[in-house]
A.B. asks: 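Sharing a structure below in structure tokens format, with a few things to ask.
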Amino acid sequence: MADYAPLDAFCNICGFPIKGTEREQELHHSQRSVKEIELIDLEEKVENARKSLFWVAGLCGVSFLFTAFKGQSGVEQTADMILTLILIAAFLGLGLLAKRKASTALISGLSLYVILHLLIAIIDPISIFSGIIVKIIIIGYLIKGIKAVIEADNLKKELNIL
């Protein structure tokens with residue numbers, strides 16, 4: 001199937017003004033170029049959010065090391081270590097998934113991160129303030145990433161990029 005019929009004034013796929021003036025055609029090309037540059041910037045934000053999932057996994061790894069050397073009873077220490085390993089695997093998995101399904105992985109990662117810290121805050125309310133700057137940075141990157149994924153998906157539809 002052709003992108004346009006001989007009588008069409010515009011391309012059915014990209015909206016290029018086939019029968020437009022040279023100026024209209026140049027304007028179309030420049031507007032498309034601007035949108036493609038915006039898409040590159042949005043994809044960079046998504047990549048930064050994806051990296052933040054790996055940072056969370058790394059922070060869980062540090063927590064795992066502290067748990068391993070903390071003087072707890074055997075059963076409690078083992079339970080903490082198993083839970084931490086599960087969290088490391090979850091955040092690493094979400095980071096890998098974000099390469100293909102960014103919105104799903106980032107929303108899940110943000111949800112898991114917030115729920116985790118809410119549960120910890122129920123057990124130890126002072127923990128809310130522990131590492132607050134790091135928590136805010138991670139949540140900020142994940143939210144920016146989710147917004148960027150939505151904007152990038154809209155731009156891809158507009159540019160007919162699959």
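When a residue number appears, it is its place in the shown sequence, counting from 1.
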A.B. asks: Looking at every non-hydrogen atom in both residues, tell me the closest pair between C60 and I88 and how far apart they are.
C.D. replies: CB-CG1, 3.5 Å
A.B. asks: Would a hydrophobic clustering, with Ile, Leu, Val, Met, Phe, Trp and Tyr connected at side-chain separations under 4.5 Å, put I128 with L59?
C.D. replies: no
A.B. asks: Counting C-beta onward and ignoring hydrogens, is there a side-chain heavy-atom pair between L53 and L96 closer than 4.5 Å?
C.D. replies: no
A.B. asks: Cluster question for you: counting only ILVMFWY and a side-chain heavy-atom cut-off of under 4.5 Å, with indirect links fine, are I139 and I107 together?
C.D. replies: yes
A.B. asks: Assess whether side chain to side chain contact (heavy atoms under 4.5 Å, CB included) is satisfied between I123 and L119, documenting all intermediate values.
C.D. replies: CA-CA 7 Å; I123 297 168; L119 291 173; 5.7 Å; no
A.B. asks: To the nearest 0.5 Å, tell me how far L83 CG sits from T78 OG1.
C.D. replies: 12.5 Å
A.B. asks: If you draw a 6.0 Å radius around NZ in K135, do more than 12 non-hydrogen atoms from other residues or ligands fall strictly inside?
C.D. replies: yes
A.B. asks: Give a yes or no on whether Y113 and I86 share a hydrophobic cluster (residues Ile, Leu, Val, Met, Phe, Trp, Tyr; joining criterion: side-chain heavy atoms under 4.5 Å apart).
C.D. replies: no
A.B. asks: Do side-chain atoms of S108 reach the backbone of A105 as a donor and acceptor pair under 3.5 angstrom?
C.D. replies: no
A.B. asks: With heavy-atom distances below 4.5 Å as the criterion, would you say the side chains of V56 and L112 are in contact?
C.D. replies: no
A.B. asks: So does E47 pair up with R50, basic N to acidic O under 4.0 Å?
C.D. replies: yes
A.B. asks: With a 6.0 Å cut-off (strictly less than), is the heavy-atom count around OH of Y141, excluding the residue itself, greater than 12?
C.D. replies: no
A.B. asks: Please report the shortest heavy-atom distance between F64 and L85, naming the atom on each side.
C.D. replies: CE1-CG, 3.6 Å
A.B. asks: Atom CG in L106, atom CD1 in I150: separation rounded to 0.5 Å?
C.D. replies: 10.0 Å
A.B. asks: Return the CD1 to CG distance between I37 and D41, rounded to the nearest 0.5 Å.
C.D. replies: 8.0 Å
A.B. asks: Is any side-chain heavy atom of I138 closer than 4.5 Å to one of L142?
C.D. replies: yes
A.B. asks: Take a 6.0 Å sphere around CG of L118 and say whether it holds more than 12 heavy atoms from other residues, nucleotides or ligands.
C.D. replies: yes
A.B. asks: Out of the candidates I146, V46, V149, only one should pair with S103 under the side-chain contact (heavy atoms from CB on, under 4.5 Å) rule; please name it.
C.D. replies: V149
A.B. asks: Looking at H29, is its backbone amide N or carbonyl O close enough to the side chain of S33 to form a donor-acceptor pair, meaning the two atoms are under 3.5 Å apart?
C.D. replies: yes
A.B. asks: Look up atom NZ in K35 and atom CD in Q31, then write down how far apart they are to the nearest 0.5 Å.
C.D. replies: 6.0 Å
A.B. asks: At what distance, to the nearest 0.5 angstrom, does CD1 of I115 lie from CG of L110?
C.D. replies: 9.5 Å
A.B. asks: With rounding to the nearest 0.5 Å, note down the distance linking CG in L94 to CZ in F54.
C.D. replies: 9.5 Å
A.B. asks: Is there a path from W55 to V114 through hydrophobic residues (I, L, V, M, F, W, Y) whose side chains come within less than 4.5 Å of each other?
C.D. replies: no
A.B. asks: Hey, is the main chain of A49 close enough, under 3.5 Å, to the side chain of S52 for a donor-acceptor pair?
C.D. replies: yes
A.B. asks: Are I82 and L65 grouped together when hydrophobic residues (ILVMFWY) are joined by side-chain heavy atoms under 4.5 angstrom apart?
C.D. replies: no
A.B. asks: Does the side chain of E38 reach to within under 4.5 Å of the side chain of L155, using non-hydrogen atoms?
C.D. replies: yes
